[in-house]
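Everything on this sheet refers to the single structure shown next.
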Amino acid sequence: MNKDERLVRQITPKSEDFSRWYVEIVQKAEMADYTPMKGMMVIRPYGYAIWEAIQRLLDRRIKETGHVNAYFPLFIPESFLKKEAEHVEGFSPEVAWVTIGGQEELEEKLAVRPTSEAIIGYMYAKWIKSWRDLPVLYNQWANIVRWEKVTRPFLRTTEFLWQEGHTCHETAEEGEAETLKILALYKEFCETELAIPVIAGRKTLREKFAGAEMTYAIEALMSDGKALQMGTSHNLGQHFSKAFDIKFEDRSQTLQYVWQTSWGMTTRTIGALIMAHGDDSGLRLPPRIAPVQAVIITIPAANWRETVLPVAQKVQAALRAAGFRVDLDAREEYTPGWKYAEYEMRGVPVRIEIGPRDVKSGQAVLVRRDLKTKEIVTLEALPARLPALLDEIQATLLRQAEEFVAANTRAASTYDELKDILETKRGFVQAPWCGAEACEDKIKAETMATIRVLPLSQDGVPVSGGCVCCGAPGKATALFARAY
RNA sequence: CGGGGAGUAGCGCAGCCUGGUAGCGCACAGCGUUCGGGACGCUGGGGCCGUGGGUUCAAAUCCCACCUCCCCGACCA
């Protein structure tokens, strides 16, 4: 066997088989693993650490905007779910039911929550009496079960984790403002923390949440050219308040139904991180959410325990004291080369190599994961250089993703053009749309693409030309894409 | 849920056609030499051959059912 054959190929190249590449990263970076139950995965410590970082950074934003956390039951009585007609119709194909408790058949079966509007709506009716009780701004971090037919780690699993906000307001305007405020919050979160640019917009009626008045979403473009919904924010209007009788006495002493919103972001964002930033060596994590921001790798040689190791330990202590998440890998059973590949797979943003040569010259070698470039830094300069480097990596990942979106967003004015782009290039396609569901359905059937959103950035901008499908006057500029 | 492919050691696979009690590479353990891009040598451990049933003196191998994974569609965060 020659040397090249001995070097085990890490993972399938992204260009060769994207979904295989994706699954291999999930497993080799130890983010998640399959269980014997269909569609149910274990989120392993490394993947869960990413989720904890997402929770920490998103939760802070949710609280800063005045929301508080609470926890509602996992089970929802069937009758509750049935109260809002559109809601039950939309979710019934994917609800799991509990019919037996212990040895006894239940009188009323219980749904394992596919979302919590129903149970929360019931409780809100008990708690809200007056305009003085409003707004109610609750959020919960929870698990959700939806009996999906096709599953994929992080992107679509039977059980997943999310955060769901449920708010009540005095007026329609306040409800709409809340919906948009959260949408903007999500967008800012994705771009600042995950380095994933998103397009914010309205969903069409076809794609809206079952029971919502209007659904807004943020959509990102993965590096295979398919779109992924990163978060949704629903203006529920009075649909659920009427179904659950959530009434309050307003300032003019009239009984009124509250105006509600709900919004969520899920563990799917972890899948988005892989697909937006990963390369053929594995994950590339944005420093702001990376569980490990830098790893120190010692290069052994004779006496290294006396010479190299103490220096490495000192560097780690100094960087940790400065607030960075820094690991030290001084294991002797693996060679440096093996470790380089391993931490690249896991997407650790910065690698710090310290060997005998470095110790002698008082330096360290820094290698950034995003560009794989090296630089030499003196040990004294390291605590100042690391934060700057992490910021550069964060910015580079965002910029690369933005450039990808820009390069893969195209305008189509004819149906042939739309079809051609979706078939040969993928990505986002901007095109005028007449507003008819028939056109939406036809495009979906023939191109597998859907309207991801009607971008908010297009509001007030005149639509150029007729509907890309039927030619009727364009009512909106729609963003089409094949999606996950 | 429809069409296709697959499940044999932790991972990747061979063996199956033509039944006779399981093998390779990597990984893992021990020892030694190594270590600046997945090191090498020697020794060793590990398998209800996805699950259940059937055929047979005998099943990883043949037959049936089910489960799970992957791909392509319909449904969805």
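Proteins get letters first, then strands, A, B, ... in listed order; numbering begins at 1 in each. Reckoned from all heavy atoms, side chains included, excluding hydrogens, waters and symmetry mates. In this text the structure is predicted, and so the values were computed from the model without any measurement.
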Next item on the list: Please check the phosphate of B/C66 (OP1 and OP2 only) for any side-chain N or O of A/Lys38 closer than 4.0 Å.
Entry: no
Item checked: Side-chain H-bond candidate by donor/acceptor type, A/Glu176 with A/Tyr216, under 3.5 Å -> yes
Item checked: Pairwise P distance, B/C69 and B/C63 [rounded to whole Å] -> 25 Å
Margin query: Can you see if the side chain of A/Tyr22 gets near the phosphate of B/C70 - specifically, an N or O under 4.0 Å from OP1 or OP2?
Written below: no
Note to self: Distance criterion of 3.5 Å, no angle test: do you see the side chain of A/Arg351 paired donor-to-acceptor with the base of B/G37?
What the structure shows: yes
Note to self: Can you check the distance between B/U43 and B/C11, where both ends of the measurement are the P atom (answer in whole Å)?
What the structure shows: 27 Å
Notebook entry, point to check: Watson-Crick or G-U wobble partner for B/G73, using a 3.5 Å limit on both distances?
Noted result: B/C1
Notebook entry, point to check: On RNA chain B, nearest-nucleotide positions of A/Phe209 versus A/Val367: which is more 5'?
Noted result: A/Val367
Note to self: So A/Thr215, base contact, sugar-phosphate only, or nothing? Heavy-atom distance under 4.0 Å.
What the structure shows: nothing
Checklist line | Side-chain donor/acceptor contact of A/Arg156 with base of B/C76 under 3.5 Å | finding: yes
Margin query: Counting only Watson-Crick pairs (N1-N3 plus N6-O4 or O6-N4) and G-U wobbles (N1-O2, O6-N3), all under 3.5 Å, who is the partner of B/C17?
Written below: none
Next item on the list: Using a 4.0 Å heavy-atom cut-off across all strands, classify A/Lys203 as base, sugar-phosphate, or nothing.
Entry: nothing
Checklist line | Atom-to-atom span, CD of A/Glu89 to P of B/C75 - whole angstrom | finding: 14 Å
Notebook entry, point to check: Taking atom types as modelled, is there a side-chain donor on A/Arg452 or A/Thr450 under 3.5 Å from an acceptor on the other?
Noted result: yes
Check: Once the angle between the rings of A/Phe18 and A/Trp21 is folded into 0 to 90°, is it parallel (under 30°), tilted (30 to 60°) or perpendicular (over 60°)?
Finding: tilted
Checklist line | Residues A/Glu24, A/Arg20: salt bridge by 4.0 Å N-O rule | finding: yes
Checklist line | C1'-based separation of B/U51 from B/G12 [nearest Å] | finding: 23 Å
Notebook entry, point to check: How does each nucleotide of nucleotides 5-13 of chain B score, in 5' to 3' order, for protein heavy atoms under 4.0 Å: base (B), sugar-phosphate only (S), or none (-)?
Noted result: ---------
Next item on the list: For this output row, return yes or no: ring centroids of A/Tyr124 and A/Tyr138 closer than 6.0 angstrom.
Entry: yes
Next item on the list: May I have the distance from A/Gln27 (atom CD) to B/U68 (atom C1'), rounded to whole angstrom?
Entry: 13 Å
Margin query: Ignoring hydrogens and geometry beyond distance, is a side-chain donor-acceptor pair present between A/Thr232 and A/Lys203 at under 3.5 Å?
Written below: no
Item checked: Nucleotide nearest A/Tyr34 (side chain, heavy atoms from C-beta), chosen from B/C69, B/G36, B/G37 -> B/C69
Notebook entry, point to check: Which residue lies toward the 5' end of RNA chain B, A/Thr266 or A/Trp338, if each is placed at its nearest nucleotide?
Noted result: A/Trp338
Margin query: Could you tell me how far B/G7 sits from B/G15 if I compare only their C1' atoms? Round to whole Å.
Written below: 15 Å
Next item on the list: Just call it for A/Glu94: base, sugar-phosphate, or nothing, with non-hydrogen atoms closer than 4.0 Å on any strand.
Entry: sugar-phosphate
Next item on the list: Taking atom types as modelled, find out whether A/Gln260 and A/His166 have a side-chain donor-acceptor pair closer than 3.5 angstrom.
Entry: no
Note to self: Using a heavy-atom cut-off of 4.0 Å across all strands, would you classify A/Asp358 as base, sugar-phosphate, or nothing?
What the structure shows: base
Item checked: Pair A/Phe209 + A/Phe91: ring centers closer than 6.0 Å -> yes
Margin query: Within the 4.0 Å heavy-atom criterion, would you say A/Glu342 contacts the bases, only the backbone, or no part of the nucleic acid?
Written below: base
Next item on the list: Please work out if A/Gly39 contacts a base, only the sugar-phosphate, or nothing of the nucleic acid, heavy-atom cut-off 4.0 Å.
Entry: sugar-phosphate
Checklist line | Residues A/Arg351, A/Glu342: salt bridge by 4.0 Å N-O rule | finding: no
Checklist line | Donor-acceptor pair (no angle test) under 3.5 Å: A/Glu353 side chain, B/G37 base | finding: no
Note to self: I'd like the C1' distance from B/A9 over to B/G23, given in whole Å.
What the structure shows: 11 Å
Next item on the list: Please state the P separation for the pair B/G4 and B/C40 - nearest whole angstrom.
Entry: 44 Å
Note to self: Applying the Watson-Crick and G-U wobble criteria at under 3.5 Å, what pairs with B/C35? Answer none if nothing qualifies.
What the structure shows: none
Note to self: Under a 3.5 Å cut-off for both contacts, is B/C28 paired Watson-Crick or G-U wobble with anything, and if yes, with which nucleotide?
What the structure shows: B/G44
Note to self: On the nucleotide B/C71, are OP1 or OP2 found under 4.0 Å from the side-chain N or O atoms that A/Arg152 carries?
What the structure shows: yes
Check: How would you label the contact of A/Leu155 with the nucleic acid (heavy atoms, under 4.0 Å): base, sugar-phosphate, or nothing?
Finding: base
Note to self: Base, sugar-phosphate or nothing for A/Glu333? Non-hydrogen atoms, less than 4.0 Å.
What the structure shows: nothing
Notebook entry, point to check: What's the NZ-P distance between A/Lys444 and B/G73, to the nearest Å?
Noted result: 11 Å
Next item on the list: Determine the interatomic distance between C1' on B/C48 and the same-named atom on B/A29; round to the nearest Å.
Entry: 25 Å
Checklist line | Whole-angstrom distance between B/A6 and B/U61, as gauged at atom P | finding: 16 Å
Checklist line | d(CE, A/Met37; C1', B/G50) in whole Å | finding: 16 Å
Next item on the list: Looking at every strand, decide which applies to A/Pro93 at a 4.0 Å heavy-atom threshold: base, sugar-phosphate, or nothing.
Entry: nothing
Next item on the list: Just compare B/G73, B/G36, B/C76 and give me whichever is closest to any side-chain atom of A/Met448.
Entry: B/G73
Next item on the list: Scan A/Glu164, A/Gln163, A/His67 and name whichever one has a side chain to side chain donor-acceptor pair (under 3.5 Å) with A/Asn139.
Entry: A/Gln163
Next item on the list: Once you apply the 3.5 Å cut-off to both distances, tell me the Watson-Crick or G-U wobble partner of B/A6, or none.
Entry: B/U68
Next item on the list: Any strand is fair game: report the nucleotide pairing with B/A58 by Watson-Crick or G-U wobble, both distances under 3.5 Å, or none.
Entry: none
Note to self: For B/C35 and A/Thr335 - does any side-chain N or O of the residue sit under 4.0 Å from the phosphate oxygens OP1/OP2?
What the structure shows: no
Notebook entry, point to check: Side chains of A/Tyr22 and A/Asp224: is there a donor and an acceptor less than 3.5 Å apart?
Noted result: no
Notebook entry, point to check: Is the phosphate of B/U34, meaning OP1 or OP2, less than 4.0 Å from a side-chain N or O of A/Tyr334?
Noted result: no
Notebook entry, point to check: Reckon A/Val23 touches a base, only the sugar-phosphate, or nothing at all at heavy-atom distances under 4.0 Å?
Noted result: nothing
Note to self: Is the phosphate of B/C71 approached by A/Ser19 (side-chain N or O, under 4.0 Å from OP1 or OP2)?
What the structure shows: yes
